[in-house]
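One structure is given below, encoded as C-alpha cells.
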Protein chains: 2
Amino acid sequence: MEKHRESIAGRPQQKQLGLRQRKKAQTREAIEAVAFDLFSEQGFEQTTVEQMAERAMVSPRTFFRYFSSKEEVLFAGEREEIRRAGRLLEERGGQESLVESLEAILGSLASEYGLDRERRLIRARLISDHPALLSAYMGLMRDLEAEVAHFLARRLGETAAAEDVRLLAAVFVAVYRASIFQWADAGGKSELPDIIAANLKKLTGGLLRI
Amino acid sequence: MEKHRESIAGRPQQKQLGLRQRKKAQTREAIEAVAFDLFSEQGFEQTTVEQMAERAMVSPRTFFRYFSSKEEVLFAGEREEIRRAGRLLEERGGQESLVESLEAILGSLASEYGLDRERRLIRARLISDHPALLSAYMGLMRDLEAEVAHFLARRLGETAAAEDVRLLAAVFVAVYRASIFQWADAGGKSELPDIIAANLKKLTGGLLRI
DNA sequence: TGCCAGTTGGCATATACTGACATATACGAT
DNA sequence: ATCGTATATGTCAGTATATGCCAACTGGCA
C-alpha cells in the first residue's frame with residue numbers, strides 16, 4: 001500500500017529548498033500516491049476526495065489546494081511530462097526533419113521507467129475502463145497539441161499557414177495517443193518510443209493512401 | 001429568445017408516434033433550445049441546470065432524465081450527427097478509396113444548415129472560450145473515432161492490423177476536428193466540407209514530410 | 001370505464017468544489 | 001534567540017451537479 005510513497009522518498013531530493021517547500025512537495029506526492037493506490041484498488045469513481053484526503057492525512061479542503069479537481073490528480077504526472085516536452089522542443093535544433101524532432105521528443109516523453117511507468121499503465125487502464133475519464137484525458141492531449149503547435153510554428157516560420165500548423169499538431173498528437181494505448185493494450189511490454197517511431201514512419205509512408 | 005423552439009416547431013413531425021412520445025420529443029427539444037439560448041446569453045458555467053429546467057418548464061429532476069449531464073445537452077446534437085455518420089459509413093460501398101469515403105461522410109456530417117449550423121457555431125464559440133468544455137468535446141471526438149475505426153475495420157478486412165485501424169481513425173478524426181475549428185475561426189464563412197477535403201488532400205500529399 | 005405502464009415532481013442525499021475566517025508554523029530580520 | 005509576517009492548513013458554511021426513492025398524474029389499451 002505504501003510502495004509508491006516509499007519509492008518516491010528514496011529519490012534524490014532537490015536541495016536548497018526550504019522546509020516549507022519540501023513539506024509541500026511531500027504532501028503533494030503523498031496525495032498523488034494514495035490516489036493511485038485507491039484508484040487501482042477501487043476504480044476512479046468509487047474513490048472519493050474524502051478518502052484520498054483521509055489517507056494522505058490532509059483535509060479535503062487542502063486536497064483542492066494541491067489539485068484543482070479529482071481528475072487533476074490522475075493526470076498531473078502526464079501534464080508535467082507535457083510541459084517537459086514543451087521545454088525540450090524549445091531547445092531542439094533545426095538540422096533534423098520535423099518528424100525526427102517529434103519522434104525524439106515524444107519518444108523521450110515516454111521513456112521514463114519505474115514509478116512513472118507504473119502510474120502511466122494504471123492511468124491507461126483506468127481510462128480504457130471508464131469512458132468518462134477519456135474526456136479529461138483528451139483535454140490533456142489538446143494541451144500537448146498546443147505545445148506541438150507552438151514548436152511547429154517556430155520551426156516552420158513563415159513557410160506554413162497557421163491552419164496547417166494546427167492540422168499537423170493535431171495529427172502528430174493523434175499518433176502519440178494512439179501509440180500510448182497500443183502500448184498499454186500490449187501490457188507495456190514493448191518500448192513506447194519504438195511504437196511511436198514506427199507509427200510515424202507508417203504515416204509518412206503511404207498508410208493514408210490505402 | 002424563442003427562435004430556436006419556433007423553428008423546430010415548424011419541422012415536419014414524425015408520424016405514427018403516440019402522444020407520449022411526441023410530448024417527450026417536444027420536451028427534449030425545448031430543453032435543448034432554452035439551453036442554447038441561455039448558453040449564448042450567459043455562457044456555459046453561468047447557466048445552471050435549475051435555470052434551464054425553469055425555462056423549459058420541467059423540474060430539475062426531469063432535466064436529468066433527458067440529459068445525463070449539463071455537458072450532454074450541449075453536445076447532444078453533435079453526438080447525434082456522429083451516430084448518423086456511423087450509419088452512413090455502414091452503407092458506403094467499396095468502389096471508392098478510403099479517403100474518398102471519409103471525405104464524403106465527414107463532409108456530409110458538416111453540411112447541415114439552419115438550426116444545426118447555428119448551434120454548431122455557438123458550440124464552437126463556447127468551446128473556444130472555455131477550455132473546460134474542450135475536454136468534454138474531445139470525448140465526443142473519441143466516439144467519432146470509434147465509428148470511423150469500425151468502418152475502417154470492415155473496409156480493410158484482414159489486410160490491416162487492428163493497431164493500424166485505430167491509428168488511421170485517430171488521424172482522420174484529428175483532421176475532422178482541426179477542420180471544424182478552422183472553419184469556426186473563420187466565422188463559418190467558407191464551406192466546412194471543402195475545408196475537410198482540402199486538409200485530407202494536404203495530408204495524403206506530402207505535408208507530413210516537411 | 002378502469003387497470004397498467006410510463007412520466008413526472010418533490011424530497012432526501014451523496015459528492016465535488018469554493019469562499020471566508022481562524023489558527024499554526026516556517027521563514028526572515030533584528 | 002525572538003519577534004513579526006507570510007504561508008499553509010483546518011473548519012465551517014454554502015452552492016451546484018447528479019441520483020435514488022416514492023407518490024401522483026396521465027396516456028394507452030383491454
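In what follows, every heavy atom counts, from backbone to side chain, and hydrogens, waters and symmetry copies are set aside.
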_Can you tell me how far apart CG (L152(A)) and CZ (R166(A)) are? Round to the nearest 0.5 Å._
12.5 Å

*Quick one: E45(B) CD to dC17(C) C1', roughly how many Å, whole number?*
12 Å

*With a 6.0 Å cut-off on ring centres, are F181(B) and Y137(B) close enough?*
yes

*Does a side-chain heavy-atom distance below 4.5 Å link L207(B) with L167(A)?*
yes

*asked:* By nearest atom, which of the nucleotides dA8(D), dC12(D), dG10(C) is closest to the R61(B) side chain?
replied: dG10(C)

*Once you round to the nearest 0.5 Å, how far does NZ of K70(A) lie from CZ of F39(A)?*
6.5 Å

*Give the rounded distance in Å between these two atoms: CZ of F44(A) and P of dT15(C).*
14 Å

*Rounded to whole angstrom units, what separation is found between the CZ atom of F64(A) and the P atom of dA20(C)?*
17 Å

_Under-4.0 Å side-chain N/O to phosphate OP1/OP2 contact, T62(A) with dT9(D)_ = no

*Flag the pair M52(A) / F63(A) as yes when at least one side-chain heavy-atom distance between them is below 4.5 Å, and no otherwise.*
yes

_Ionic contact status for E91(B) with R154(B), cut-off 4.0 Å_ = no

*asked:* Working to the nearest 0.5 angstrom, can you tell me the gap between I122(A) CD1 and R119(A) CZ?
replied: 8.0 Å

*Is the cationic atom of R28(A) (NZ for Lys, CZ for Arg) positioned less than 6.0 Å from the six-membered ring centroid of Y66(A) and within 45 degrees of its normal?*
no

_Any carboxylate oxygen within less than 4.0 angstrom of a Lys/Arg side-chain nitrogen, looking at E81(B) and R87(B)?_
no

*Taking only heavy atoms on the protein side, list every residue of residues 65-75 of chain A lying under 4.0 Å from any atom of DNA chain D, sorted numerically.*
R65(A), Y66(A)

*Using a 4.0 Å heavy-atom cut-off, write out nucleotides 24-30 of chain C from 5' to 3' as B (base contacted by protein), S (sugar-phosphate only) or - (no contact).*
-BBS---

*Interatomic distance, Q51(B) CD vs dT15(D) C1' [rounded to whole Å]*: 13 Å

_Without decimals, in angstroms, what is the distance between R28(A) CZ and dA8(D) P?_
13 Å

*Round to a whole Å and report the spacing from CD of Q46(A) to P of dT15(C).*
11 Å

*Taking for each residue the nucleotide of DNA chain D bearing the nearest heavy atom, is the 5' side occupied by T48(B) or by T27(A)?*
T27(A)

*Give the rounded distance in Å between these two atoms: CG of L133(B) and C1' of dT17(D).*
15 Å

*Which whole-number value in Å describes the distance from K24(B) NZ to dG28(D) P?*
13 Å

